[in-house]
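First up is the structure itself, then whatever we jot down about it.
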Amino acid sequence: MDILPDSEWAFWNTSFGGSGTGSGTLSGPWYRTHKTQLLGVVLAAAANFLISVSLNIQKCAHLRLACEAEPKPYYMSRLWWCGITLLGLGEVGNFTAYGFAPISLVAPLGCVSVIGSAFISVLFLKKTMRAADILGGTLAVTGTYLLVTFAPNTPQELTARRVQNYLVSWPFLVYLILEIIIFCILLYFYKRKAVKHIVVLLMMVALLASLTVIAVKAVASMITLSAKGKMQLTYPVFYIMIVLMATSCAFQVKCLLSFLGVFVIERSKKEEHLHSPFIDCGHIPGQKLTGKVQPDYHSSRYGTLNNEDNSVKSQS
């Protein structure tokens, strides 16, 4: 016995991909055509939400360490490493999403991590939500919706030959030249003129990130096609894009470099000890920095200076 009348079954079949021949939003033909892009969008959204969770976990770890009587380095916290692990998984998910969906769909979904971080911090870290935060989040969501909605719906397989053709095309060459010039100008003002404004840093990172996104999209697409049986890893352009991706990412991991520096410094402080039985006279007035005295273990004047010995002798 049917629960719904025949007219209702026809509507559901037409709209949600049943046996009908409709063209609804979730109909069979639409899903078969866009299922790859839909997978990329869902994967990117989930990955960015995971990144927002990881950032709040790291923030929580720092707050806990700051409240301890004897605070320890953050890299000794298991909670902080848990956040770093989730961050890595989220970035892997983002990388994978570029292999299924266009850049115009995946890149704007980065705002999910921003919005997610804002709400998670309010719920769990007891942060206050300001009017400016609500306005900024609304604008970010609106922009993302417009970009995703009006993105091109004609998916193309980004093969190695197509990447080669794009790299030598005039639009890409003009874009690359302009980006290099603008980046060099910003770097000059940042290094030589000491312009440390946040806008300058954000523009430099954005310029490098644009190259990273292009390289990641090319690499992920060629790996995806190779996994489907269309081998693309034998083309030299695949390795060129890997080098471009690694190089552009290397200039954006200064947080990573700072962490490694702090880790090495803290480790070396714990292992510091005197390796040689020399006495450093560099901090004694009247003595040169290179003036060192070899201790005489069998003498009663162990560790005394030569001029001190002479003054003692003259006084006696």
Side-chain angles (χ1 to χ4, degrees), residues 44-45 47-49 51-52 54-56 58-59 87-88 90-91 93-95 97-98 101-118 121 130-148 150-152 163 166-220 240-261:
N48 282 287
F49 181 77
I51 290 175
S52 66
S54 69
L55 294 176
N56 281 274
Q58 293 180 68
K59 177 67 174 180
L87 179 62
E91 294 297 344
N94 262 333
F95 176 81
Y98 280 106
I103 295 177
S104 56
L105 288 178
V106 177
L109 291 175
C111 84
V112 174
S113 63
V114 179
I115 304 301
S117 297
S121 63
R130 302 172 301 174
D133 299 331
I134 298 176
L135 177 61
T138 304
L139 293 176
V141 171
T142 304
T144 301
Y145 172 77
L146 293 176
L147 287 172
V148 173
F150 296 100
V163 172
Y166 288 157
L167 290 179
V168 297
S169 63
W170 280 109
F172 179 79
L173 293 177
V174 172
Y175 152 77
L176 184 62
I177 293 173
L178 289 177
E179 174 157 330
I180 293 175
I181 293 175
I182 296 174
F183 183 83
C184 291
I185 293 174
L186 293 174
L187 187 62
Y188 170 78
F189 280 100
Y190 180 74
K191 290 294 186 180
R192 296 294 184 180
K193 301 297 182 179
V195 180
K196 305 295 184 180
H197 199 275
I198 187 63
V199 175
V200 177
L201 293 174
L202 289 178
M203 291 180 66
M204 293 172 63
V205 172
L207 291 173
L208 289 174
S210 64
L211 288 177
T212 304
V213 169
I214 294 174
V216 167
K217 172 61 181 177
V219 172
I240 293 175
M241 299 308 292
I242 286 183
V243 172
L244 178 61
M245 179 181 66
T247 304
S248 58
C249 288
F251 287 97
Q252 303 176 62
V253 293
K254 183 179 179 181
C255 54
L256 178 59
L257 296 178
S258 300
F259 162 74
L260 293 177

Please find the pair of heavy atoms, one from [X] and one from [Y], that lie closest to each other, and give the distance.
X: L109; Y: A45; result: CD1-N, 4.2 Å
X: A44; Y: V106; result: CB-CG1, 3.9 Å
X: A140; Y: I115; result: CB-CD1, 4.5 Å

May I have the list of side-chain donor-acceptor pairs in residues 176-187 shorter than 3.5 Å, sequence neighbours left out?
unit_1	atom_1	unit_2	atom_2	d
E179	OE1	Y175	OH	2.7
E179	OE1	S210	OG	3.0
E179	OE2	S210	OG	3.3

Self-check item: More than 12 heavy atoms of other groups within 6.0 Å of F49 CZ
Solution: no

Quiz item: Take atom CE in M203; do more than 12 heavy atoms of anything else shown fall under 6.0 Å from it?
Solution: no

Atom [atom1] of [X] and atom [atom2] of [Y]: how far apart are they, to the nearest 0.5 Å?
X: M241; Y: L211; atom1: CE; atom2: CG; value: 8.5 Å
X: I214; Y: Y166; atom1: CD1; atom2: OH; value: 12.0 Å
X: S113; Y: I51; atom1: OG; atom2: CD1; value: 6.0 Å

Do the non-hydrogen side-chain atoms of [X] and [Y] ever get within less than 4.5 Å of each other?
X: V200; Y: F189; value: no
X: Y98; Y: V213; value: yes
X: L87; Y: Q58; value: yes

Quiz item: Which pairs with one or both residues in residues 198-208 pass side-chain hydrogen bond (donor to acceptor under 3.5 Å, both in side chains), sequence neighbours excluded?
Solution: none

Quiz item: According to the side-chain hydrogen bond (donor to acceptor under 3.5 Å, both in side chains) rule, which pairs have a member within residues 132-146, sequence neighbours left out?
Solution: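 Residue pairs with at least one partner in residues 132-146: R130-D133.
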
Exercise. Check whether the side chains of S52 and S117 place a donor and an acceptor atom closer than 3.5 Å, and report yes or no.
Key: no

Quiz item: With distance as the sole test, does K217 use its side chain to make a donor-acceptor pair with the main-chain N or O of T212 at under 3.5 Å?
Solution: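 Between the backbone of T212 and the side chain of K217 there is no qualifying donor-acceptor contact (under 3.5 Å).
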
